[in-house]
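Note sheet for the following structure.
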Number of protein chains: 2
Amino acid sequence: MAKPKKQPRPKAITPKGFRDYFGSEVTQRTEMLRTIAGVYHRYGFDALESSAVETVEALGKFLPDVDRPNDGVFAWQEADDEGQGDWMALRYDLTAPLARVYAQHRNDLPTPYRRYAMGPVWRNEKPGPGRFRQFYQCDADTVGTASMAADAEICAMLSDTLETVGIPRGDYLVRVNNRKVLNGVLETMGLAEDADARDAVLRTIDKFDKVGEQGVRELLTQGRLDASGAYIDGVGLSQDQADPVVAFLTSKAGDTAATLSNLRVAVGDSRIGAEGIAELEQIAALLDAGGYGPDRIEIDPSVVRGLGYYTGPVYEAELTFEIFDEKGRKRQFGSVAGGGRYDDLVKRFTGQEVPATGISIGVDRLLAALREKGRIQAVEHGPVVVTVMDRDRMADYQAMVAELRNAGIRAEVYLGNPKNFGNQLKYADKRNSPIAVIEGGDEKAKGIVQIKDLILGAKIAESATLEEWKELPSQFEVPRGDLVAKVREILATQDGQG
Amino acid sequence: MAKPKKQPRPKAITPKGFRDYFGSEVTQRTEMLRTIAGVYHRYGFDALESSAVETVEALGKFLPDVDRPNDGVFAWQEADDEGQGDWMALRYDLTAPLARVYAQHRNDLPTPYRRYAMGPVWRNEKPGPGRFRQFYQCDADTVGTASMAADAEICAMLSDTLETVGIPRGDYLVRVNNRKVLNGVLETMGLAEDADARDAVLRTIDKFDKVGEQGVRELLTQGRLDASGAYIDGVGLSQDQADPVVAFLTSKAGDTAATLSNLRVAVGDSRIGAEGIAELEQIAALLDAGGYGPDRIEIDPSVVRGLGYYTGPVYEAELTFEIFDEKGRKRQFGSVAGGGRYDDLVKRFTGQEVPATGISIGVDRLLAALREKGRIQAVEHGPVVVTVMDRDRMADYQAMVAELRNAGIRAEVYLGNPKNFGNQLKYADKRNSPIAVIEGGDEKAKGIVQIKDLILGAKIAESATLEEWKELPSQFEVPRGDLVAKVREILATQDGQG
């Protein structure tokens, strides 16, 4: 008989497209979420946390791309007592769950209901560089009002939020468009009822930033050779049909009034188009009265937004400064937030019209932008490390860290094998510790401790002359009773230099 | 041909066993997580956020109960390009993912690695009252050291954390036991190698709190009639075999030394038992030196902990005050945190010994306890509501809320249909607003606003005499320019009374 096979060891890897976040990556995100929640809260929005798991039918199918399994969500079938249960899925955004929550609890919620939500969402997409299958969103939505004042408020709040987290005016722009205007354009082209053509036109418009006016015209008609030499099929419209789309796309002018006037030409006598333009006009007037000029928020007909559930105004916040991409090429940082009005999402459940509008901030991208601009420190100091010179006196060392902590100083005792002292200093180095504390038998007998300034020590080791070395001692001998005071003094000096 | 069936509307319900959290339920939890993270951080623990999704093989099978589908996790099979991919699952705790993270990143992490993590975990269990399939945990673990100083530190930190979030000394107890001691007892019984018998004995010990010494003895031997009249099968041990278990369970004495001495009798000459007792002795000595006496942390042999991966010391934090359960009966609040040493979890991946120990706080239960004791306000005030008297002057009202927000006051404009003013006040009431602001055409012409103190108004409406009504006006007419100052004044008065 064959020997029983040994179970292979499990592989220690994150599933494909997922990642781990360490230390300041986590705390900086937490801090940013807290800051954003503060702005949302001041605007009167209430917190909501729905579960990560929803029934598939409640989530609906609104994700943009189609080249994915399971419609882009992670889903599974419940096993219940009788056998097969409901299909469940991880939420792919925070908007679809909000529609479910509002429909479920509408009798207990105020109307309009302003709510904010933050947390991870999951997309069953092909992972790519910098593109993960779990990421954070931070949303604010107003449910139960068709008033454009709600849309204007959302845009103003988005602008305030970006400035509050550290993106100065001039480095971002909130761009506003309206799905109804585009629908008006499609109506004039006779494509209003043709969902496939509509989607193809939408996808083409979304490429305007990349391919420009001529490129869009080619993609809408016969097709186009792209930069790599590949031929991209066109939508197959005639040049006449492409005209209003191009007119729409290029209608952005020097000021809002001129842009709106160009849009009026593009939508011709479409009723829905005119409605969309009137809505944009209302939003612009309210924002203008609030002092949110085109340096912060502007009407821009090239904004599309991929999600299928938008019905009116759509918004997108872009960071306008340039960064270098992974290939070293300069490019604009791009979108960090987006949203819009989705008047039919709640109706799916209730059958009644419940207008709603909101935004979603891509927190991880926003963090990346702030790091890119050096507005968030990438590396933070670790704790003070109390070394262990005498394994039997662990209680003494724990008393030291307790004293330091009680004084509000982050501190820890070395818990590895203390035999090799060099390992303890290497550990402190890996922890990015500012200070190491040493108390061997001699020190104990004399009632003193050694305190090593590791930041200064590293600097000296790097560059100091012998002269400076003598003048800048990086190790201090102080009475045991002065431990906390001396540590505090060194930390203050380090902060002053840092 | 039959008419095409209309798609039925999706049901607006949370999946079974899941729930939504609103307003202060969310913000209070966020605040508690922040407070706990503060303590963990001061102790030198670094933040880690792993993804919610892991491969099933990485998670392993360590959940206690067995009467569940899919071994208690939510799992699904990935669809990859070639057809069928890996099995993935939602994490059921934060410990199994930590073992994976440490094994994966061990070359970049310090050793020992102290980390904290917080977030939801998912269990595919039968939901029950107050028992949900998604709940929050807040963990701290030290990986890479076998030192009992790490276990003592974790217990001390748990004690500090409970006091910091608002559980005073005397209202909680951290109880410490050691799996090795129990294994020693099983060794003396000749059951060390019999996993089934071991698990049965463990489960029986876990019922000690409920059934007492005699009950445990019956359950270990021939079985027992429970309170409901049902007969519970016994494990089938002899009375002689049951003796050491009962001796072990009842070995808790007036002080640590006496408890340890009783345990020495219970484990006889078992080597592993003696090792466990020596470890408990070390932990007790370190805690004692740090001032963590038996009023906060005590050795208690009845602590079991369900998870299968523990190998040494185990901890449990209990709240000792009494509450009334859903049936109106008095009972102790019970466990809010637990943990222990799990020296083999990382080894599953790497083949090398990597000792580790840690705790997990059940944040939702801890919050429930604080609400129960009135230490967290259940209801919070909503925003100041600026009402809309004239739909065309929305910009004026938005200017008011902007002024209030810029002064740090939470404020919002009414965004529903403004026609019926009563609805606006009903809305403010539902929002629990402290103040409503009113500016109609007359007020606008006179350059004034009306400010309604809604808290005082509600009090007066409830109980005031006509006399008091006159003396305590709840509505004030102030110049438009004094809006912010007057609102601030009223809020200060309300805070003073609240």
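With a threshold of 4.5 angstrom between heavy atoms, A402(A) does not approach chain B through any atom at all. For K347(B), the part sitting under 4.5 Å from any heavy atom of chain A is the backbone (N, CA, C, O) and nothing else. Within the 4.5 angstrom heavy-atom criterion, only backbone atoms of T111(B) (N, CA, C, O) approach chain A. There is no contact between D429(B) and chain A, counting heavy-atom distances below 4.5 Å. Contacts between Y102(B) and chain A at a heavy-atom distance below 4.5 Å are absent for every atom of the residue. Of the two parts of E31(A), only the side chain, counted from C-beta on, holds a non-hydrogen atom closer than 4.5 Å to a non-hydrogen atom of chain B. Interface residue Y116(B): only side-chain heavy atoms are found under 4.5 Å from chain A. Within the 4.5 angstrom heavy-atom criterion, no atom of A146(A) approaches chain B. Proximity to chain A involves both the backbone and the side chain of P10(B), based on heavy atoms less than 4.5 angstrom apart. For a residue to count as touching a neighbouring chain, one of its non-hydrogen atoms must lie under 4.5 Å from one of that chain's; by this rule A149(B) touches chain A with backbone and side chain alike. With a 4.5 Å cut-off on non-hydrogen atoms, L109(B) touches chain A through its backbone and its side chain both. Contacts between P120(B) and chain A at a heavy-atom distance below 4.5 Å are absent for every atom of the residue. Of the atoms belonging to A37(B), not a single heavy atom falls under 4.5 Å from chain A. Interface remark: V401(B) contributes no atoms to any contact with chain A (heavy atom separation under 4.5 Å). With a threshold of 4.5 angstrom between heavy atoms, T350(B) approaches chain A through N, CA, C or O but not through any side-chain atom.
Residues meeting the salt bridge (charged side-chain N to carboxylate O under 4.0 Å, His left out) test with R391(A), sequence neighbours left out: none. Under the rule for a ring pair (Phe, Tyr, Trp, His ring centres under 6.0 Å), H41(B) has no partner lying at least two apart in sequence or in another chain.
Each of A285(A), G382(A), A58(A), A411(A) has some count of heavy-atom pairs under 4.5 Å with chain B, and the biggest count is that of A411(A). For the options L287(B), V413(B), N417(B), heavy-atom pairs under 4.5 Å to chain A are most numerous at V413(B). Counting heavy-atom pairs under 4.5 Å between each of D108(B), V346(B), D160(B) and chain A puts D108(B) at the top. Ranked by heavy-atom pairs shorter than 4.5 Å toward chain A, the options R431(B), Q398(B), M394(B), E54(B) are led by R431(B). Ranking P383(B), A289(B), G119(B), S51(B) against chain A, the residue ahead of the rest is S51(B), based on heavy-atom pairs under 4.5 Å. With respect to chain A, the highest number of heavy-atom pairs below 4.5 Å among L48(B), T145(B), N423(B), L415(B) belongs to L415(B). Ranked by non-hydrogen atom pairs under 4.5 Å with chain A, the options R34(B), H105(B), M88(B) are led by R34(B). Most heavy-atom pairs under 4.5 Å with chain B, from the set A99(A), G351(A), P15(A): that is P15(A). No other option in T142(A), D288(A), V384(A), L90(A) has as many heavy-atom pairs under 4.5 Å with chain B as L90(A). The candidate from V385(A), L404(A), V101(A), L33(A) with the greatest count of non-hydrogen atom pairs under 4.5 Å with chain B is V101(A). Contact tally against chain B (heavy-atom pairs below 4.5 Å) for T30(A), V53(A), D396(A): the top residue is V53(A). The choice from E49(A), K11(A), E412(A) that makes the most heavy-atom pairs within less than 4.5 Å of chain B is E49(A).
Using modelled atom types, one finds no donor on one side chain facing an acceptor on the other under 3.5 Å when comparing D86(A) with T55(A). D20(A) and S50(B) share no side-chain donor-acceptor pair at under 3.5 Å.
Going from atom CG of L286(B) over to atom OG of S147(B) covers 7.5 Å, rounded to the nearest 0.5 Å. E78(B) contributes atom CD, which lies 5.5 Å from atom CG of N124(A) (distance to the nearest 0.5 angstrom).
Panel note: side chain Q424(A), backbone P418(A); a donor-acceptor pair is recorded below 3.5 Å. Using modelled atom types, no side-chain atom of Q28(A) and backbone atom of E25(A) make a donor-acceptor pair closer than 3.5 Å. No donor-acceptor pair under 3.5 Å is formed between the side chain of R348(A) and the backbone N or O of L345(A). A distance-only check finds no donor-acceptor pair linking the side chain of R29(A) to the backbone of V26(A) [under 3.5 Å]. A donor-acceptor distance shorter than 3.5 angstrom exists from the side chain of R9(B) to the backbone of F349(A), with no hydrogens or angles considered.
A cation-pi arrangement is absent between R114(B) and Y43(B), since the terminal nitrogen or guanidinium carbon is not both under 6.0 Å from the aromatic centre and inside a 45° cone about the axis. Both the sub-6.0 Å distance and the 45° axial angle are satisfied by R19(A) relative to the ring of Y21(A).
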Open item on the list: Walk me through whether V143(A) and R115(A) qualify under side-chain contact (heavy atoms from CB on, under 4.5 Å).
Closed with: CA-CA 8 Å; V143(A) 182; R115(A) 88 88 180 77; 6.0 Å; no
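The aromatic rings of F18(A) and F74(A) sit tilted relative to each other, their planes meeting at an angle between 30° and 60°.
Residues W122(A) and V73(A) have side chains not in contact (no heavy-atom distance under 4.5 Å, counting atoms from C-beta outward).
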